[in-house]
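Keep in mind that what you see is a predicted model, and the values were worked out from it rather than measured. The residues of the chain are indexed from 1 along the displayed sequence.
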Amino acid sequence: MKLMMDKGLRLLFFALAAVLLIAGAAQAVTPMVDGGLYHSVLLNADGTVWAWGWNGYGELGDGTTTDRLTPVQVSGLTGVVSVAAGFYYSLALKSDGTVWAWGYNYYGQLGDGITTSRYTPVQVSGLTGVVSVAAGGYHSLAVNADGTVWAWGYNVNSQLGDGTMTDRYTPVQVALTTSSSPDLVVSALSGPGSAVRGTTITVNNTVANTRWAAASVISYANLYLSTDTVLDAGDVYLGQRYTPVLLPGASNAKATLVRIPSTVATGNYFIIVQADATNTNAESDEANNTAVAPITITRDVDLTVAATVPSQAIKGVAFNVPNTVSTTGFMTAAPSYVKFYLSADAALDGGDVLLGQRYAGPVTAFAPSTMTKSLTIPAATPAGNYYVIAVADATNTNAETNEGNNAAAYPIRVYKDVDLAVSVLTVPASVVRGTGAATVNTVRNNGTSSSSASYVRFYLSMDTVIDPAHDLYIGQRQIAGLAGGASSGATNNLWIPGYVPTGTYYIGAIADATNTNAETNETNNVTVSGPVTVTQ
């Protein structure tokens, strides 16, 4: 404080001298020079400003970052009556009482409200009637004609004199006061994002004495649970913690254990910590004692669902899904609903199709809710691979300890009710190789839905096991789409190549050989004829 007061008195002295100078000889400018860290600034008798040296942050004010070995004129400045140089930046006071700055601005020392370095002068925000300026390392000072002192820039050691350690990007008034009061604040606060009511949580909190005037005395910080960010009489007291004597600028961090009452309703709240809650200290600022952190209060309920979903289903035809809703918590879950969706992937989103829901009564760890739900895939659903996603507490009736495990996804293949099979396959008892075998064949759709166009293919095999990878392909025919229960019959003259050895063979026919249709039964597509003797 003594250093701050001494600096203030010196600035005030310079201010009074400047007032006398301006009042007595308004036209005269006294040339002056000041040195920054690696640069220098000169005020000429004509009110212009010149600079030279290192220019990495634009501290020479000529619009570049080029170092200068000889003086260059600072752009756009006339009518200047005083200059000052800091670390990598410069200040100028004009005869109209405004202050201008340029160069390095990481800490806001240029006072224009941002932290962008400037290569030409910008006006310091909000200052008029200034009679004196000074530049520190990374902070700036100005004295107004009314005797007030203003400061801006780096403030980690409270060099701005506003009672804080916060950097300022625009001027703040120096608190020229003889107050010796401490100022206790909660400088840091964190806790869990959620907590189960009736359990104990840890709240990390730090109480600091931000005033560099006096030490605090022993005090207590109180912790509250609130529905908003304002501490009032309706908030729930959770506990308190001891705060020792804090020297100016010192702080005290604690991990405080508090219990969330079991009677608190679930929902969103705030933890409020109040420094010096017993008003033990007469502080310079009594309005900044509290800090808040959000928290969600839940019951000890965690609902999950397990279901048995068939691997395949026919669209438009109902199927059963046994399912169980359970909780791993120790409290009873309120009645809720399980919803079932059809999804193209395993993640639930807004594009999924609701298939149905069922009521799940009160659930406990010892009494899960089990039932079988009948579901139907909409008839318009394209055949293919999907997922049935079951979601416990789909209406968000319960505030749970874990809201991320309510859904379970199960793969399912959706079919039309199409079942293509070769219902008739008649071949001659013998055939001469190098000629055709007149083969009577019929493909029938045993399902109730219409099939897409497909092919039936024929193979010559040495046994009754038809394997397209090894048996001899001898022909095919196209089958138009068949309505449910419809058939397509034809006689195909299947060519038996002349190079086939004589002997006993079999002709196999495969319905939907190109797998064009997703069928309800993919195992009955192959039919094998009786023996065929191939002769010369």
query: Under the side chain to side chain contact (heavy atoms under 4.5 Å, CB included) test, which residues partner Asn521, sequence neighbours left out?
result: Asp419, Thr523, Asn524
query: Got a sec, which residues hit side chain to side chain contact (heavy atoms under 4.5 Å, CB included) with Thr372, two or more places apart in sequence or on another chain?
result: Asn320, Pro322
[X] vs [Y] side-chain heavy atoms within contact, under 4.5 Å:
| X | Y | result |
| --- | --- | --- |
| Leu348 | Val391 | yes |
| Thr210 | Asp183 | yes |
| Val305 | Thr324 | no |
| Phe319 | Ile377 | yes |
| Phe340 | Lys373 | yes |

Inspect the surroundings of [atom1] in [X] and state if more than 12 heavy atoms from other residues, nucleotides or ligands are less than 6.0 Å away.
| X | atom1 | value |
| --- | --- | --- |
| Tyr410 | OH | yes |
| Met462 | CE | no |
| Tyr359 | OH | yes |
| Gln536 | CD | no |

Atom of [X], atom of [Y] and distance for their closest heavy-atom approach:
| X | Y | result |
| --- | --- | --- |
| Thr376 | Leu355 | O-CD2, 3.7 Å |
| Ser219 | Leu184 | OG-CD1, 3.8 Å |
| Asp167 | Asn155 | OD1-N, 2.8 Å |
| Val427 | Val532 | CG2-CG2, 3.4 Å |
| Ser452 | Thr516 | CB-CG2, 4.1 Å |
| Ile389 | Ala407 | CG2-CB, 4.1 Å |

For the pair [X] (side chain) and [Y] (backbone), establish whether a donor and an acceptor sit closer than 3.5 Å, ignoring hydrogens and angles.
| X | Y | answer |
| --- | --- | --- |
| Ser461 | Thr464 | no |
| Asp471 | Pro468 | no |
| Lys315 | Pro378 | no |
| Trp152 | Gln109 | yes |
| Asp417 | Tyr415 | no |
| Thr202 | Ala255 | no |
| Asn157 | Gln159 | no |
| Lys254 | Tyr242 | yes |
| Lys416 | Ser450 | yes |

query: Looking at Asn525, Asn445, Asn446, which one forms a side chain to side chain donor-acceptor pair (under 3.5 Å) with Glu519?
result: Asn525
Distance, nearest 0.5 Å, that separates [atom1] of [X] from [atom2] of [Y]:
| X | Y | atom1 | atom2 | value |
| --- | --- | --- | --- | --- |
| Thr170 | Arg168 | OG1 | CZ | 8.0 Å |
| Leu238 | Arg259 | CG | CZ | 11.0 Å |
| Asn279 | Tyr220 | CG | OH | 14.5 Å |
| Ser117 | Leu110 | OG | CG | 7.0 Å |
| Arg197 | Thr266 | CZ | OG1 | 6.0 Å |
| Ile412 | Ser343 | CD1 | OG | 12.5 Å |

task: Return the orientation label for the Tyr57 and Tyr104 ring planes: parallel under 30°, perpendicular over 60°, tilted otherwise.
output: tilted
query: When the ring planes of Tyr154 and Tyr107 are compared, do they come out parallel, tilted or perpendicular, using 30° and 60° as the limits?
result: tilted
task: Establish, for the pair Arg457 and Tyr459, whether the NZ or CZ atom is under 6.0 angstrom from the six-membered ring centre and no further than 45 degrees off its axis.
output: no
Trace of the side chain to side chain donor-acceptor pair (under 3.5 Å) decision for Gln274 with Asn222: CA-CA 5 Å; Gln274 181 188 28; Asn222 285 359; 4.8 Å; no
field: Residue of the set Val338, Thr401, Asn398 for which side-chain contact (heavy atoms from CB on, under 4.5 Å) holds with Leu303
entry: Asn398
- prompt: Got a sec, which residues hit side-chain hydrogen bond (donor to acceptor under 3.5 Å, both in side chains) with Asn289, two or more places apart in sequence or on another chain?
  reply: Glu283
- request: Begin from the C-alpha positions of Asn268 and Thr296 and carry the test side chain to side chain donor-acceptor pair (under 3.5 Å) through to its verdict.
  value: CA-CA 4 Å; Asn268 295 321; Thr296 300; 2.9 Å; yes
Step-by-step side chain to side chain donor-acceptor pair (under 3.5 Å) determination, Thr304 to Asn406: CA-CA 5 Å; Thr304 59; Asn406 291 87; over 6 Å; no
message: Checking Thr439 against Asn441 for the side chain to side chain donor-acceptor pair (under 3.5 Å) test, could you report, in this order, the C-alpha distance in whole Å, the side-chain angles of both residues, the deciding distance, and whether it holds?
response: CA-CA 6 Å; Thr439 302; Asn441 60 93; over 6 Å; no
